[in-house]
**Q** 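Here it is, the structure, as structure tokens.
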Amino acid sequence: ALSGFRCGSQNYRTEVNHQDFLSYVFSVSPFWCDLYSMIYQDKRFALPRDIIARLPMDVFLSALYLDDGTLVKNGGRRRYQARIATHSWSTDDAEWFVDLLKERGLNCYIYFVKFKDRLYPEIRFNSDGTETLFNLIGRSVPTSMRHKAPDWAEPFNPGFWKLGNAKPYI
């Protein structure tokens with residue numbers, strides 16, 4: 001999401017469909033520049049492993065799944081399987097994260113999805129892993145997004161997202 005941000009200020013004019021648009025200036029705070037440098041290396045996304053390893057797994061997985069996850073029932077199976085699109089991740093980062101999830105009891109694996117002649121890593125959970133995942137994050141799925149959760153998942157608990165007071169960035 002931060003790949004579109006540029007640190008500092010810039011003026012530029014764009015041309016779309018042969019129409020000139022007004023120049024605009026934007027400025028990004030030092031916080032965003034620091035965050036950008038933590039998760040992008042050589043303009044490519046790099047999983048901030050040290051940060052992720054310190055986060056509460058239920059919170060991080062909830063945010064990741066609600067953004068990039070989906071729930072499927074394949075081939076007449078009676079049980080759900082969850083997937084998380086990690087297409088912007090390197091294979092090395094995806095493998096590291098799958099290993100971290102497995103260490104925490106989530107049965108998952110990497111599946112390579114082909115799109116426009118390229119293979120992209122995607123994290124897939126088997127049925128047991130999906131059950132474990134939703135036992136962990138089910139209460140984080142808001143009512144408006146319940147289509148992403150199995151019908152047996154714990155109901156939404158708004159208190160899940162009360163993560164404490166924000167700390168000022170200095």
Side-chain angles (χ1 to χ4, degrees), residues 1-7 31-163:
L2 292 175
S3 63
F5 284 99
R6 294 204 169 75
C7 294
F31 170 77
W32 293 115
C33 293
D34 291 349
L35 185 58
Y36 180 94
S37 68
M38 285 184 236
I39 61 176
Y40 286 90
Q41 296 170 1
D42 298 323
K43 297 185 180 182
R44 289 189 47 93
F45 175 77
L47 197 64
R49 297 177 184 190
D50 57 330
I51 295 171
I52 291 169
R54 290 182 278 136
L55 293 173
M57 188 52 69
D58 58 346
V59 173
F60 179 72
L61 262 178
S62 294
L64 182 62
Y65 180 80
L66 290 173
D67 187 32
D68 293 322
T70 191
L71 191 64
V72 297
K73 275 189 178 180
N74 287 333
R77 291 188 180 127
R78 294 177 187 248
R79 296 176 70 196
Y80 294 99
Q81 294 182 331
R83 299 175 182 176
I84 299 176
T86 53
H87 303 170
S88 65
W89 296 17
S90 70
T91 299
D92 187 51
D93 283 342
E95 288 172 346
W96 175 84
F97 191 62
V98 163
D99 289 343
L100 181 67
L101 293 175
K102 286 179 177 180
E103 285 173 13
R104 297 183 183 194
L106 291 142
N107 198 341
C108 58
Y109 59 96
I110 294 174
Y111 180 86
F112 287 93
V113 177
K114 188 173 184 178
F115 181 72
K116 293 188 178 181
D117 296 325
R118 278 193 66 199
L119 294 175
Y120 298 93
E122 180 175 275
I123 296 174
R124 293 194 176 185
F125 297 82
N126 68 13
S127 296
D128 291 335
T130 299
E131 187 172 333
T132 305
L133 174 68
F134 282 98
N135 286 335
L136 185 65
I137 72 166
R139 68 191 187 282
S140 74
V141 182
T143 306
S144 62
M145 299 182 78
R146 291 310 284 190
H147 63 279
K148 287 189 157 217
D151 49 8
W152 50 260
E154 188 176 339
F156 176 56
N157 177 355
F160 178 88
W161 291 108
K162 292 184 179 173
L163 303 175

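Quick note: residue numbers are just sequence positions, from 1.
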**Q** For Ala82, is there any backbone N or O sitting under 3.5 Å from a side-chain donor or acceptor partner on Thr130?
**A**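 Indeed, once roles are kept as given, a pair shorter than 3.5 Å links the two residues.
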**Q** Determine the interplanar angle of the His87 and Tyr120 rings, folded into 0 to 90°, and report it as parallel if under 30°, tilted if 30 to 60°, perpendicular if over 60°.
**A**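 Aromatic pair His87/Tyr120 classed tilted.
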**Q** Nearest 0.5 Å please: distance from the CZ atom of Arg104 over to the CG atom of Asp58.
**A**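 Going from CZ on Arg104 over to CG on Asp58, the span is 10.0 Å.
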**Q** Please determine whether the number of non-hydrogen atoms from other residues, nucleotides or ligands lying under 6.0 Å from atom CZ of Phe112 exceeds 12.
**A**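 Atom CZ in Phe112 is packed in, count exceeds 12.
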**Q** Which pair of heavy atoms, one from Trp89 and one from Ala94, lies closest together, and at what distance?
**A**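 Nearest pair, atom of Trp89 first, then Ala94: CE3-CA, 3.9 Å.
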**Q** Rounded to the nearest 0.5 Å, what's the gap from CG on Asp68 to NZ on Lys148? Could you check?
**A**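 Nearest 0.5 Å value for the CG-NZ distance: 7.0 Å.
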**Q** From Thr86 OG1 over to Leu64 CG, what is the distance, rounded to the nearest 0.5 angstrom?
**A**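 Here the rounded value is 8.0 Å.
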**Q** Just how far is it from atom OG1 of Thr91 to atom CG of Leu119, taken to the nearest 0.5 Å?
**A**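 Those atoms lie 8.5 Å apart.
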**Q** Would you call Met57 and Leu100 a side-chain contact if the rule is heavy atoms closer than 4.5 Å?
**A**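 A side-chain contact exists here, since the closest heavy-atom pair is under 4.5 Å.
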**Q** Could you check, using the six-membered ring where one of them is a Trp, whether Phe125 and Tyr65 have ring centers closer than 6.0 angstrom?
**A**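 No, ring centres 6.0 Å or more apart.
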**Q** Look up atom CG in Leu61 and atom CG in Leu66, then write down how far apart they are to the nearest 0.5 Å.
**A**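 It comes to 10.0 Å.
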**Q** Mind listing the closest non-hydrogen atom pair of Ile110 and Pro121 along with its distance?
**A**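 It is CG2-CB, 4.0 Å.
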**Q** Minimum heavy-atom separation for Glu154 to Arg146, with atom names?
**A**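 Between these two residues, the closest heavy atoms are O-NH2, 2.9 Å.
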**Q** Tell me the closest heavy-atom pair linking Ser140 and Trp161, and the distance in Å.
**A**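 Ser140 and Trp161 have their closest heavy atoms at O-NE1, 2.9 Å.
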**Q** Specify the closest pair of heavy atoms between Ile84 and Glu122, including all atoms of both residues, with the distance to one decimal.
**A**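 Residues Ile84 and Glu122, closest heavy atoms: O-CG, 3.4 Å.
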**Q** Out of curiosity, Cys108 SG to Asp128 CG, how far, rounded to the nearest 0.5 Å?
**A**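 Going from the SG atom of Cys108 to the CG atom of Asp128 covers 12.5 Å.
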**Q** Would you please test Asp151 and Tyr80 for side chain to side chain contact (heavy atoms under 4.5 Å, CB included) and show each step?
**A** CA-CA 10 Å; Asp151 49 8; Tyr80 294 99; 4.0 Å; yes
**Q** Just by modelled atom types, is the Leu47 backbone N or O under 3.5 Å from a matching donor or acceptor in the Asp93 side chain?
**A**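 It does hold such a pair.
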**Q** Do Met145 and Phe156 have side-chain heavy atoms sitting under 4.5 Å apart?
**A**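 Met145 does not reach Phe156 side chain to side chain.
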**Q** Do Asn126 and Arg79 pass the side chain to side chain contact (heavy atoms under 4.5 Å, CB included) test, and can you show the C-alpha distance, the side-chain angles, and the key distance before you say yes or no?
**A** CA-CA 9 Å; Asn126 68 13; Arg79 296 176 70 196; over 6 Å; no
